[in-house]
Visitor: 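I have a structure here, written as structure tokens, and I will follow up with some questions on it.
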Amino acid sequence: MSFDINKDLDIILITYNRINKLKEIVSDILDENSPIKKCQITFLDNCSTDGTSEFLEEISQKYDNITHIRHKINIGGNANIVRAFEYVTKKYFWILCDDDRLSFEHWHKIYDALKSDQYDIIQTYTDPKVFSGETYNEKLAKLLIEIVLLPAAIYRSKYLKNDVIFNAYINIYALIPHMALISEIINNNGKIYFCERYDKQIVLQGYSEANYRKGVKRTVHPFVKGMDLSIGFILSLCMINNKELKYKCIDRMRSYLGLTFPGFIGEMPYYWIQAGLKDNIMPIYDACNDVQKKAFLERLMEISYEFKKYNKNTLTTFNFHIFDFHKIRRRFFSISFIGFTFTKNREYPKLYSLFGFIKDIYYIRFKILFIFRLTIKL
């Protein structure tokens, strides 16, 4: 059968109270050069109160292919992902978020992948900071970390079976409900189209605060209140059958910060305990291989000793430097002259510098006189 993008691709965008950013991605979708502007486009509005609903209602009246669905209550951002699954009707679907942007310069590659009807996951975003490898499992581990970002892939809808939807609802508490779908495809040896390079991607990741409880002001379930995305990712890996793949994912899950698994657990377990996530420590331990388990246990013993030694839940460190240089391959480097780092409760250190320069793939940042900073987005 021939592929017709307007008939075979569902576009679903989930949103809540981000009207300004929403307008930006809507302009990308409806731009005259957009290849998806005539697809069936559904907006799932999580009972917004900032004018989002009125804006979406207006454009749904203007365009016949746009549907605006406003929920009666705020069901939460992750539940809205699963709700999007329920509205899929076409062969492929792409779920977008309200804080990202789209660039269609290299869309022809995505279109060719869709047209070929060979692939079950078509990657639209890649992060050059996440290291890959030579084997298929290593490349697949990199992909799994990257497509935690919801719009980072287009999926074949035939995998949205009852079991997948059920498991997705269960996995809402782990913050990545779509891992139920991803796992189903991986476990069934689905075919994957990998995004070639960072400069060939379609999705431009936004920088809004990742608040998974947005709009919920009162009682929040303890499982969700302290849940961390890295914990949710490890817990979600239990749905993947390939043990080697799971271990490689765990090794890479903080590689975009330049951390391998030993570096990752050097800091994060302290945060988990502080946040009251003790119940998740054993499931995380069970997901590791023998080498990872050994390093994990050693770190927990060290943390136990620190709690006993200081007899308090606050541990503060202060490090002064005259010159500091840090580099992660070609992706990130920083230089600082006369400064210090301040760390509290094992959180990521804050840098204060008389003069500092940071070059990331996303931005350039200057730090001056300890308190001033200038950020230039790339």
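Hydrogens, waters and symmetry mates are skipped; everything else that's a heavy atom, side chains included, is used.
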Visitor: Can you measure from CG (N65) to CG (N6) and round to the nearest 0.5 angstrom?
Guide: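 It is 8.0 Å, given to the nearest 0.5 Å.
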Visitor: Does atom CZ of F355 have more than 12 heavy-atom neighbours from other groups under 6.0 Å away?
Guide: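 Yes.
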Visitor: Fit a plane to each ring of Y136 and F194, take the angle between them on a 0 to 90° scale, and name the class: parallel (under 30°), tilted (30 to 60°) or perpendicular (over 60°).
Guide: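 Judged by the thresholds at 30° and 60°, the geometry between Y136 and F194 is perpendicular.
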Visitor: Just jot down the ring pair (Phe, Tyr, Trp, His ring centres under 6.0 Å) partners of F55, sequence neighbours excluded, or say none.
Guide: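 Ring pair (Phe, Tyr, Trp, His ring centres under 6.0 Å) check on F55 returns nothing, list empty.
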Visitor: Can you list the residues that meet the ring pair (Phe, Tyr, Trp, His ring centres under 6.0 Å) rule with F104, with sequence neighbours excluded?
Guide: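 For F104, the residues satisfying ring pair (Phe, Tyr, Trp, His ring centres under 6.0 Å) (neighbours in sequence not counted) are W107.
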Visitor: By ring pair (Phe, Tyr, Trp, His ring centres under 6.0 Å), which residues pair with Y111, not counting sequence neighbours?
Guide: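 For Y111 the ring pair (Phe, Tyr, Trp, His ring centres under 6.0 Å) partners, ignoring immediate neighbours, are F3.
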Visitor: Considering only residues two or more places apart or on different chains, which pairs with a residue in residues 147-158 satisfy side chain to side chain donor-acceptor pair (under 3.5 Å)?
Guide: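 Passing the test, one end in residues 147-158: Y92-R156, D117-R156, D120-R156.
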Visitor: Is there any side chain to side chain donor-acceptor pair (under 3.5 Å) pair reaching into residues 52-61, and which pairs are they, with sequence neighbours excluded?
Guide: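 Sorted result for residues 52-61: D45-S53, D50-T52, S53-R70, E57-Q61, E57-H68.
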Visitor: Among all residues two or more places apart in sequence or in another chain, which pass the ring pair (Phe, Tyr, Trp, His ring centres under 6.0 Å) test with Y285?
Guide: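 Ring pair (Phe, Tyr, Trp, His ring centres under 6.0 Å) check on Y285 returns nothing, list empty.
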Visitor: Does atom NZ of K294 have more than 12 heavy-atom neighbours from other groups under 6.0 Å away?
Guide: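 No, NZ of K294 has 12 or fewer neighbouring heavy atoms, counting only those of other groups under 6.0 Å.
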Visitor: Can you list everything that forms a side-chain contact (heavy atoms from CB on, under 4.5 Å) with D64? Sequence neighbours excluded, please.
Guide: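 With neighbours one apart ignored, the set is empty.
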Visitor: Please enumerate all residues that pass salt bridge (charged side-chain N to carboxylate O under 4.0 Å, His left out) together with K7, with sequence neighbours excluded.
Guide: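 For K7 there are no salt bridge (charged side-chain N to carboxylate O under 4.0 Å, His left out) partners, ignoring immediate neighbours.
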Visitor: Under the 4.5 Å side-chain heavy-atom rule for ILVMFWY, direct or indirect, which residues accompany I75?
Guide: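 I73, which link up through side-chain heavy atoms under 4.5 Å apart, make up the rest of the cluster.
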Visitor: Quick check on L374: does its CG atom have over 12 non-hydrogen neighbours (other residues, nucleotides or ligands) under 6.0 Å away?
Guide: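 More than 12 within 6.0 Å, yes.
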Visitor: State which residues pass salt bridge (charged side-chain N to carboxylate O under 4.0 Å, His left out) with E86; sequence neighbours excluded, sorted by chain then number.
Guide: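 With neighbours one apart ignored, the set is empty.
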Visitor: Of all residues at least two apart in sequence or in a different chain, which pass the side-chain contact (heavy atoms from CB on, under 4.5 Å) check with D10?
Guide: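 D10: side-chain contact (heavy atoms from CB on, under 4.5 Å) contacts with Q40, V88, T89, K90, F93.
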Visitor: Partners of R83 by side chain to side chain donor-acceptor pair (under 3.5 Å), sequence neighbours excluded?
Guide: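 Checked R83 against side chain to side chain donor-acceptor pair (under 3.5 Å); zero matches.
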